[in-house]
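Some notes on the structure that comes next.
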2 protein chains.
Amino acid sequence: MSDAEQTRQKIITIAADEIHQHGFQATSLSTILSRCGISKGALYYHFTNKLELGYAVFEENFIPLLLATWQPALSQDDPIEGLCDFFTSMSDSMVCSEAVCGCPLNNLCEEMANVDEGFRLRILSMQQKLNALIVDAFTKVKGDLRPELAFGQVAYFIVATFHGSTSLSKTSRNKELFQQVIAELCHYIRALKK
Amino acid sequence: MSDAEQTRQKIITIAADEIHQHGFQATSLSTILSRCGISKGALYYHFTNKLELGYAVFEENFIPLLLATWQPALSQDDPIEGLCDFFTSMSDSMVCSEAVCGCPLNNLCEEMANVDEGFRLRILSMQQKLNALIVDAFTKVKGDLRPELAFGQVAYFIVATFHGSTSLSKTSRNKELFQQVIAELCHYIRALKK
DNA sequence: ATGATAACCAACCGATCGGTTTGTTGCAAG
DNA sequence: CTTGCAACAAACCGATCGGTTGGTTATCAT
């Protein structure tokens, strides 16, 4: 990897961490620069402005991260149990510092969807991709599921509840509350089976 | 009402609208001042700083608004149907401009819970109050509900899903998606009955 | 050896932020 | 009639923001 590409990756990685912690608007370029150990000229050599840096972080860091997080759970032979195990292990292993930051997708959705159209469309695209993943997984085992279910609707419901539960855990700082909502979500998911 | 109290109320009302639209941190005092038609000296006569203004907005505007929104649904004879009617009529009557702004409680939770402890504790208190309202309503008709239910857990689940669905509608700008998730939430809620 | 280019640095810019200071007005009590 | 305080207005402050500019260094083909 060339020096330039190395610097670019470093910027994106650190910017992703800052955005995850403080949101996009509250993230200061100065902080990124000092953490990277580079100057502002270096950053603006690689990115035309802050917004383009944000888009790059979303596409090159957040999206692959989200897909890598959800994919394994959904490609199990039994995606129902795969999802429940995924949610449960996440709520069990969650430490306080993670609970505070929340899901990067949900964070950006809350913050930027009604602020910048570029962000909104990228977030929307990712939400649809995630939803399609869940629908595909359910379709593969649709013989085991209740026949009247609308998979798209159910998939959005699951993601909405998951995001809402991460939101709740931000104020409580208590993973037991998160675990409770996740437990209830797993009840719901398992009840999708015949 | 005295002139001073009138000015104070005007500031809070307009600040509440700005915070609801743009979040707390992105809300500019200058904008509030010009919308109110007052000077900065006037604002700082009534509030010691921006944070205290934010607290006042939360306690004197958002909290009463939220309680007035949820209370009627929960004090029905049948809180299950009350909640479903509440959610459904909200998703039906929602216009695009409302969908973009989301729920004030959820917005502040996402933005401020890990930024300011004063906000976090106030939000947490409100979440607990809302949860208690739901638990109380369910307890009154517990004879009609499935016996194995943990009401607190169920209540948090409902609120989490509702907040997650408002989050989803921010990106889609399409109330049909919101309606779908709400419809699935109503399925879940009605299934709480025996 | 030299010119070109990629990759970067340091200093600076205007704008805006939350917050402070000083001054002014209207009314009400003495 | 004047004194005093409540209720503001207007100007200003330092800090920080995203962004720009002009130069510097290292590499590499010619």
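In this text, all values refer to a predicted model and were calculated from it rather than measured experimentally.
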Measuring only between side-chain heavy atoms, which start at C-beta, is Gln180(B) closer than 4.5 Å to Ser165(B)? no

Do the side chains of Lys193(A) and Asp78(A) get close enough for a salt bridge, i.e. N-O under 4.0 angstrom? yes

When we call it a touch if two heavy atoms are under 4.0 Å apart, what does Thr31(B) touch: a base, just sugar-phosphate, or nothing? nothing

Return the value, rounded to whole Å, for the distance between atom CD1 of Ile32(A) and atom C1' of dT16(D). 15 Å

Give a yes or no on whether a salt bridge exists between Arg35(A) and Asp17(A), defined as a side-chain N under 4.0 angstrom from a carboxylate O. yes

Per Tyr45(B) side chain, nearest of listed nucleotides dC8(D), dG19(C), dA6(C): dC8(D)

Is the CD atom of Glu176(A) crowded by more than 12 outside heavy atoms at less than 6.0 Å? no

For DNA chain C, which residues in residues 33-42 of chain B have a heavy atom at a distance below 4.0 Å? Lys40(B)

From the list Gln21(B), Lys170(B), His22(B), side chain to side chain donor-acceptor pair (under 3.5 Å) partner of Asn107(B) resolves to Lys170(B)

Grab the CD-P distance between Glu5(B) and dC8(D) for me, whole Å please. 11 Å

What is the distance, rounded to the nearest whole Å, between atom CZ of Arg8(A) and atom C1' of dA6(C)? 15 Å

Atom-pair distance (CG on Asp116(B); C1' on dG18(C)), nearest Å: 15 Å

Starting from P on dC17(C), measure out to CG on Leu43(B) and report it in whole angstrom. 14 Å

Should His46(A) be listed as having a side-chain N or O under 4.0 Å from OP1 or OP2 of dC8(C)? yes

Whole-Å gap separating C1' (dG18(D)) and CG (Asn49(A)): 9 Å

Taking the side chain of Lys50(B) as its heavy atoms from C-beta onward, which of dC17(D), dT20(D), dG19(C) lies nearest to it? dG19(C)

N/O (side chain, Thr7(A)) to phosphate O (OP1/OP2, dC8(C)) under 4.0 Å: yes

Under a 4.5 Å cut-off applied to non-hydrogen side-chain atoms, are Phe62(A) and Ile19(A) in contact? yes

State, yes or no, whether a side-chain contact exists between Val141(B) and Pro79(B) at a heavy-atom distance under 4.5 Å. yes

Look at Ser30(B) and dT16(C) and indicate whether a side-chain polar atom (N or O) is within less than 4.0 Å of OP1 or OP2. no

In whole angstroms, the gap separating P of dC8(D) from CZ of Phe47(B) amounts to 11 Å

Checking dT20(D), dG18(C), dC8(C) against the side chain of Leu29(B) (C-beta onward), the nearest is dG18(C)

